Amino acid sequence: MQELTQRLTGAFGISGYEDEVRAVIREEIAGLVDELHIDAMGNLVTLRRGTGGGRRVMLAAHMDEIGAMVTYIDEQGFMRFAPVGGLYPSICLGQQVQFADGTVGSIGLDGRADRNQAPKLTDLFIDVGAGARGEVKQKPGDPAVFRQRFAAQGNAWFAPNMDDRIGCVVLIQLLRELKGKDIAHDIYGVFTTQEEVGLRGAMTSAYAVNPDVAIALDVTLTGDTPHATPAMEVYMGHGTAIKVQDAGMIGHVGLNRLLVAAAEASQVLYQMEVLTGGSTDARAMQVAREGVPASAVSVPSRYVHSPSQIVDRRDVEASVALLRSLLRGPIQL
Ligand code: CO
Ligand code: ZN
């Protein structure tokens, strides 16, 4: 699983440009699913057919990550940029970014800005080391992501895009572990696009899949760093997290009850998650068509939407184990 995580976190995949991530996933799930297609939004929609008598279960993990998009290039070749998804200026300063073609840039601060204050996004620029605009290959509209690479240290895994490559890892690993096993349910594993800019891929794929039950696989914040604000009872290394509520949805009570029972039946370490900001693909799936019972299974991650996200390998494993346990039994809501 570590190798898979390293591979997926190394792929370029800002919202709207998920092609490279999708290509890696296609390779990794070859032989694990019965059907596979790519829809108009770029979602990779897969089906692992069940033995019958089960439900249509949609599991969604988003392929895209946040980043920056060039808006303006000055005569010296410094590029101003707009956010793609939740890109926080205080986290950007001093970071390296990378464009789709591999071009590396450093993020610098406009000299007119106050260095002792948190910068605004408009105070920042990307510097690719050029001396003039003519030396810059980039054009307005070109997207870039944080450049940091994957690292493993004890149980901790570091990468700039654990949100949500680790959800993709959970889904792929689940399909690996279900191989050859009798499962009644039809499992629609959907690798979605454009989550970070408004859950757009999940919206259209949930309409097409028309699931009986839907679960998003994503990251959540933690309350275990110094004076974490807001205080939150989700801790890295303390297991997978079952979504009670976030800013976009309330997890389906019956489905959550089943998830808790599945965790307890298989002795999977879990936590109940209440997140006060942000949401996941579960929100879009929940309100698809006439409504779908939905929740999310989250991997606790420190420093989400920064180049230095950390997850705990054991929480990733617990997330896979929880889903495996759920899918083994009947899903009666
Ligand atoms: Co995110
Ligand atoms: Zn996410």
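Just so you know, ligand 1 is whichever comes first in the structure, and atom 1 is the first atom listed for that ligand. Side chains included, hydrogens not; waters and symmetry mates left out as well; all remaining heavy atoms used. Just so it is clear, the structure is predicted and the values come from calculations on it, not from any experiment.
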message = Checking one value in my table: which N/O/S atom of Asp163 lies closest to the Co ion (ligand 1)?
response = OD2

ask   = What N, O or S atom of Glu196 is found closest to the Co ion (ligand 1)?
value =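 For Glu196, the N/O/S atom sitting closest to the Co ion (ligand 1) is OE2.
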
query = Are a donor atom and an acceptor atom from the side chains of Ser279 and Asp246 found within less than 3.5 Å of each other?
reply =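 Short answer, yes.
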
ask   = With a cut-off of 2.8 Å, does His305 place any N/O/S atom under that distance from the Co ion (ligand 1)?
value = yes

task = Tell me, please, if Glu195 has any N/O/S atom, main chain or side chain, under 2.8 Å from the Co ion (ligand 1)?
result =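 So Glu195 does not count as coordinating the Co ion (ligand 1).
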
Cationic tip of Arg289 above Tyr207 ring, under 6.0 Å, 45° of axis = yes

message = For Asp142, is there an ion pair with Lys139 - N to carboxylate O distance below 4.0 angstrom?
response =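 Judged by the 4.0 Å cut-off on N to carboxylate O distance, Lys139 and Asp142 do not form a salt bridge.
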
ask   = Is Arg200 salt-bridged to Glu195, going by a charged N under 4.0 Å from an acidic O?
value = no

message = If I consider every N, O or S atom in Asp163, which one ends up closest to the Zn ion (ligand 2)? I only need its name.
response = OD1

message = Do Val311 and Tyr303 sit in one hydrophobic cluster, given that two such residues count as connected whenever their side-chain heavy atoms are within less than 4.5 Å of each other, even indirectly?
response =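 As far as the 4.5 Å side-chain criterion goes, Tyr303 and Val311 are not connected within one cluster.
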
query = With the Zn ion (ligand 2) at the center, what angle do OD2 from Asp218 and NE2 from His62 span, rounded to 10 degrees?
reply =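 That angle works out to 90° after rounding to 10°.
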
